[in-house]
Number of protein chains: 2
Amino acid sequence: MNKKQVTTEHHHFPWDHPRFRSWIAVARACQLMQQALTRALAHLDVKPPHLDILINLYRFEGITQQELARKLLVGRSNMSMLLPQLEKRGLIERRGDERDKRILRLSLTSEGRTLTEEAMEIQTALIDKSLAADTIDECTVIAQSMERLITVLLKEDAEISEN
Amino acid sequence: MNKKQVTTEHHHFPWDHPRFRSWIAVARACQLMQQALTRALAHLDVKPPHLDILINLYRFEGITQQELARKLLVGRSNMSMLLPQLEKRGLIERRGDERDKRILRLSLTSEGRTLTEEAMEIQTALIDKSLAADTIDECTVIAQSMERLITVLLKEDAEISEN
DNA sequence: ACATAATTGTACAACGATGAACAAAAAGCA
DNA sequence: TGCTTTTTGTTCATCGTTGTACAATTATGT
């Protein structure tokens with residue numbers, strides 16, 4: 001009994017499948033992290049989607065709504081819903097471009113920048129605590145694996161959009 | 001210029017922070033995987049939340065709605081919305097427990113089991129393709145890291161719920 | 001036993017995300 | 001130049017998820 005009889009395992013059930021198990025863990029971890037981040041940011045009246053936007057404006061000043069939506073992997077209509085809210089709160093500015101009157105260039109106000117820095121510190125602290133048991137090497141393995149996966153799936157998306 | 005002047009890097013920006021970068025990649029990968037899975041399952045008229053339910057009923061026959069919600073990290077009301085849909089489609093059954101008349105015990109019908117097996121194969125194939133570049137060892141590193149993270153955050157949740 | 005608290009599932013209102021249809025502007029092309 | 005196509009952003013109807021309030025049932029404690 002219990003001897004290794006087969007070298008090519010057949011994985012009758014998905015949860016016996018190493019990649020499947022890994023991915024399930026990744027998905028659950030994401031869900032929990034999202035919930036934890038939502039609570040951690042609540043006192044700033046900022047939710048994860050808002051923070052995603054703010055961080056990208058922090059990095060890429062003058063980006064357009066379209067580019068922002070593409071980076072965040074959401075639809076343009078989503079930006080059309082969220083950005084006016086942030087604008088009314090005085091966190092961001094939307095200025096029309098002179099050369100191309102279709103596009104709106106986005107930037108943080110100084111209050112927006114301050115709030116973003118606060119929120120990023122909270123998020124960084126949460127991530128740090130959650131991954132505290134991992135070495136930097138392990139983090140690098142994870143990052144590279146996920147970036148490969150992102151590349152694979154984005155390439156597929158592009159091919160689908162081509163029709 | 002460009003000489004290494006500091007040995008203790010201070011990570012002025014989050015995106016220079018290894019753990020932060022790793023986590024951002026994880027989150028984006030999850031988003032893309034969710035979208036890809038939605039498309040891959042569309043022809044079965046099954047969406048990722050449905051599949052999550054079906055897989056858990058496949059593994060844990062006779063589970064209650066409460067337990068199911070806890071496993072899936074969603075609210076009970078969510079189950080109250082989704083399960084009747086699956087029941088009307090003849091994929092699952094809900095039977096009241098005799099000893100405790102509050103709870104409903106869930107199980108798959110034979111059609112539900114068949115559909116679940118089909119859908120799991122699709123999901124497994126997608127995961128396999130997406131993680132094809134990773135060795136089993138790398139997958140194990142990822143799974144262990146994520147499971148540690150899940151443990152950490154679940155423990156926090158429990159402490160918060162205690163009040 | 002009885003009253004109170006906790007658990008389980010449901011109903012509903014509120015919020016967020018999505019995709020399709022639309023208008024305005026720019027680019028491509030004859 | 002004029003016409004069509006593409007790009008950019010908005011609006012709106014729809015769907016999914018959440019949290020709260022509620023009813024029914026069970027557990028707890030005196």
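All chains are named by letter (A, B, ...) in the order of the sequence lines, taking the proteins before the strands, and each is independently numbered beginning at 1.
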Check your understanding: Are the side chain of B:Gln65 and the backbone of B:Leu106 linked by a donor-acceptor contact shorter than 3.5 Å?
Key -> no
Check your understanding: For the pair made of CG in B:Leu72 and C1' in D:dG16, what is the distance, rounded to whole Å?
Key -> 15 Å
Check your understanding: So does B:Lys101 get a side-chain nitrogen or oxygen closer than 4.0 Å to the phosphate oxygens (OP1/OP2) of C:dT8?
Key -> no
Exercise for review: Could you tell me whether the side chain of A:Glu61 reaches within less than 4.5 Å of the side chain of A:Leu108, counting heavy atoms only?
Suggested key: no
Exercise for review: Ignoring backbone atoms, establish whether B:Gln65 has a side-chain N or O less than 4.0 Å from OP1 or OP2 of C:dT7.
Suggested key: no
Revision key, fill the gap. Rounded to whole Å, the CG-P distance (A:Leu82 to C:dG16) equals 8 Å
Exercise for review: Starting from P on C:dA17, measure out to CD1 on A:Ile53 and report it in whole angstrom.
Suggested key: 8 Å
Point to revise | Comparing A:Arg99 and B:Gln66 on DNA chain C - which has the more 5′ nearest nucleotide | key: B:Gln66
**Study point:** Closest to side chain of B:Ser77, choosing from C:dC12, C:dT18, D:dG9
**Key:** C:dC12
Practice item. Could you pick out which residue, A:Arg102 or A:Leu83, lies toward the 5' side of DNA chain D when each is mapped onto its nearest nucleotide? Key: A:Arg102
Check your understanding: Can you tell me how far C1' of D:dC15 sits from NE2 of B:His50, to the nearest Å?
Key -> 11 Å
Exercise for review: Name the nucleic acid region contacted by A:Arg94, choosing base, sugar-phosphate or nothing; use a 4.0 angstrom heavy-atom cut-off, strictly under.
Suggested key: sugar-phosphate
Review point. Is the closest side-chain heavy-atom distance between A:Cys30 and B:Trp23 below 4.5 Å?
Key: yes
Review point. Start at the 5' end of DNA chain D and walk down; is the nucleotide closest to B:Leu73 or to A:Ser80 reached first?
Key: A:Ser80
Review point. Looking at side-chain heavy atoms only, is the closest gap between B:Gln66 and B:Ile103 below 4.5 Å?
Key: no
Review point. Just checking, any donor-acceptor pair under 3.5 angstrom between side chains of B:His50 and B:Asp45?
Key: no
Check your understanding: What does the inter-axis angle of the helix from C:dA1-D:dT30 to C:dA30-D:dT1 come out as, five pairs per end, nearest 10 degrees?
Key -> 30°
Check your understanding: Shortest non-hydrogen contact from A:Leu32 to B:Ile150?
Key -> CD1-CG2, 3.8 Å
Check your understanding: Could you state the CE-P distance from B:Met81 to D:dG19, rounded to the nearest angstrom?
Key -> 14 Å
**Study point:** Atom-pair distance (CG on B:Leu104; C1' on D:dA24), nearest Å
**Key:** 12 Å
Check your understanding: To the nearest Å, how far apart are A:Gln85 CD and D:dT11 P?
Key -> 13 Å
Exercise for review: Would you mind telling me which residue lines up with the more 5' stretch of DNA chain C, B:Glu67 or B:Gln35, judged by nearest nucleotide?
Suggested key: B:Glu67
Point to revise | Listed nucleotide nearest any side-chain atom of B:Asp100, set D:dG9, C:dG9, D:dT26 | key: D:dT26
Check your understanding: Atom CG of A:Leu106 to atom C1' of D:dG9: distance rounded to whole Å?
Key -> 11 Å
Review point. Is the NZ or CZ atom of B:Arg59 positioned over A:Trp15's six-membered ring, under 6.0 angstrom from the centre and within 45° of the axis?
Key: yes
